[in-house]
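What follows is a set of notes on a single structure, which appears directly below.
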Amino acid sequence: MRVQAEPFDVGAELAAFAAGRQDVGAEVSFSGVVRDDGGLAAMEIEHYPGMTEKALAKIEAEAVARWDLKASLVIHRYGRLEPGEKIMMVATAAGHRAEAFEAAQFLMDYLKSRAPFWKKETGADGASWVAAKDADEDALERW
Amino acid sequence: MRVQAEPFDVGAELAAFAAGRQDVGAEVSFSGVVRDDGGLAAMEIEHYPGMTEKALAKIEAEAVARWDLKASLVIHRYGRLEPGEKIMMVATAAGHRAEAFEAAQFLMDYLKSRAPFWKKETGADGASWVAAKDADEDALERW
Amino acid sequence: MIEVLYFAWVRERIGLPRESIETQAATVADLVAELRAREDRYDMAFSDVSALRVALDQELAGFDAPLAGVREVAFFPPMTGG
Amino acid sequence: MIEVLYFAWVRERIGLPRESIETQAATVADLVAELRAREDRYDMAFSDVSALRVALDQELAGFDAPLAGVREVAFFPPMTGG
């Protein structure tokens, strides 16, 4: 689990992920990208140093235990990002595909609503905080 | 969509995937790995040249249309593979995470049961064809 | 004249990957009956068609599908890709 | 003495990221009431607590949670990571 201001390389991370393990049959990765819906100049991500790391470690440990993951990875950036930049990524490695997919979705759902990050978007009309979606909170109920 | 005997590099594929697109908010990748459950020496993958490409193209086109994918990728190897080698990968890029995850799972479920590949495992006790699982056929019913 | 292809253990049991067959079979099931009557290795390979799949001109089909106009028939076990 | 942290628009409305507060508040809700009584900017920031979340010593908690033994309280809007 890493919380960092610096960019990361999804391809390089994934190439190194679970390398050499022979009990892994399925690997899933997710990455979130700064999307330009029209006029977005930049995204600023604020976080809560200390709590962020604790929350991510807890979510990751729960996923590893629940789906018997052979490997897992969570990286989340903070600070200023531009459209097209990767915000975060998760990766899961398991024996079979169902577990790898479920665990990655679990990580994402919890990370969205339970890890202390806040996004502020700056566009032509000024800056505004991204509002949490009810759908993201509701997504937790399936787990 | 590529069907090939040669190894591929998941990291490099994903680094190039959907690069530069600003309408993408979420990217999901899945890769299948030759898993050694104990004593597996090699896996031989047979396929049906011609039909394989048609089946994969059809499955991919359906996923792109159904989830409005901004980009998609399907690579599947055939021939001899050793434990730890990547068998195949899919990647999906969409506006939001739910679509990217669903489309990747749809691709995998159809690819498992509707693309003409057959796996033969060679181990200490000789060689045997991998049997199709009822669960894989059942997985199609959710779509 | 129709091209008949065999894959995976069907290919191994019959002992060849493909052959051209002169047939008047109206359906896949009729073709299977003709093949089974040929030799034991065919009879064994097709003994349980519920364990087999068939593709006509590279599209999955049923065993009751007509063969009129079909150039390529393939028999194989359930697929195990991914 | 308790450390109180503010994030995102809560931080912007109150105008500072953190402060040390001397308080006898028994619960989070009591602390919120004390803060609201201080100045308008606090009153406005806490006007709708249903739009806020609170963490005690870096763990999410409810507004009715007791403050006994707590060293760090953080107020922020619903999280939007990922």
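Residue numbers start from 1 in every chain, and the chains themselves are labelled A, B, ... in the order their sequence lines are given, proteins ahead of strands.
Interface remark: L111(A) contributes backbone and side-chain atoms alike to the contact with chain D (heavy atom separation under 4.5 Å). Both the backbone and the side chain of M51(A) come within less than 4.5 Å of a heavy atom in chain D. Of the two parts of A8(D), the backbone and the side chain both hold a non-hydrogen atom closer than 4.5 Å to a non-hydrogen atom of chain A. Using a 4.5 Å cut-off between heavy atoms, A131(A) contacts chain D through its backbone alone, with no side-chain atom that close.
Rounding to the nearest 0.5 angstrom, the gap separating the CD1 atom in I45(A) from the CG atom in L81(A) is 5.0 Å. Between F106(A) atom CZ and I59(A) atom CD1 the span is 7.5 Å, to the nearest 0.5 Å.
Listed by first and then second residue, the ring-ring contact (aromatic ring centres under 6.0 Å, His included) pairs that reach into residues 82-101 of chain A are F101(A)-F30(B), sequence neighbours excluded.
Side-chain atoms of L35(D) and I14(D), non-hydrogen and from C-beta on, never get closer than 4.5 Å to each other.
The minimum heavy-atom distance between F76(D) and V10(D), with the atom names listed, is CA-CG2, 3.9 Å. The two residues F7(D) and A74(D) have their closest heavy-atom pair at CE1-CB, 4.1 Å.
Using a 4.0 Å cut-off between charged side-chain N and carboxylate O, D68(A) and K70(A) make a salt bridge.
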Output all donor-acceptor pairs under 3.5 Å across chain A and chain D; consider backbone as well as side chains.
{"residue": "E46(A)", "atom": "OE1", "partner": "A8(D)", "partner atom": "N", "Å": "3.4"}
{"residue": "E46(A)", "atom": "OE1", "partner": "R11(D)", "partner atom": "NE", "Å": "3.4"}
{"residue": "E46(A)", "atom": "OE1", "partner": "R11(D)", "partner atom": "NH2", "Å": "2.5"}
{"residue": "E46(A)", "atom": "OE2", "partner": "A8(D)", "partner atom": "N", "Å": "2.9"}
{"residue": "E46(A)", "atom": "OE2", "partner": "R11(D)", "partner atom": "NE", "Å": "3.0"}
{"residue": "Y48(A)", "atom": "OH", "partner": "E72(D)", "partner atom": "OE2", "Å": "2.5"}
{"residue": "M51(A)", "atom": "N", "partner": "Q58(D)", "partner atom": "OE1", "Å": "3.2"}
{"residue": "K54(A)", "atom": "NZ", "partner": "Q58(D)", "partner atom": "OE1", "Å": "3.1"}
{"residue": "H76(A)", "atom": "NE2", "partner": "G82(D)", "partner atom": "N", "Å": "3.0"}
{"residue": "K112(A)", "atom": "O", "partner": "G81(D)", "partner atom": "N", "Å": "3.4"}
{"residue": "F117(A)", "atom": "O", "partner": "T80(D)", "partner atom": "N", "Å": "2.8"}
{"residue": "W118(A)", "atom": "NE1", "partner": "P77(D)", "partner atom": "O", "Å": "2.8"}
{"residue": "K119(A)", "atom": "N", "partner": "T80(D)", "partner atom": "OG1", "Å": "3.1"}
{"residue": "K119(A)", "atom": "NZ", "partner": "T80(D)", "partner atom": "O", "Å": "3.2"}
{"residue": "K119(A)", "atom": "NZ", "partner": "G81(D)", "partner atom": "O", "Å": "3.4"}
{"residue": "K119(A)", "atom": "NZ", "partner": "G82(D)", "partner atom": "O", "Å": "2.7"}
{"residue": "K120(A)", "atom": "NZ", "partner": "E12(D)", "partner atom": "OE2", "Å": "2.3"}
{"residue": "W129(A)", "atom": "NE1", "partner": "E12(D)", "partner atom": "OE1", "Å": "2.7"}

Could you go through M88(A) and F117(A), starting from their C-alpha distance and side-chain angles, then the distance that decides it, and tell me whether this counts as side chain to side chain contact (heavy atoms under 4.5 Å, CB included)? CA-CA 11 Å; M88(A) 48 71 60; F117(A) 291 101; over 6 Å; no
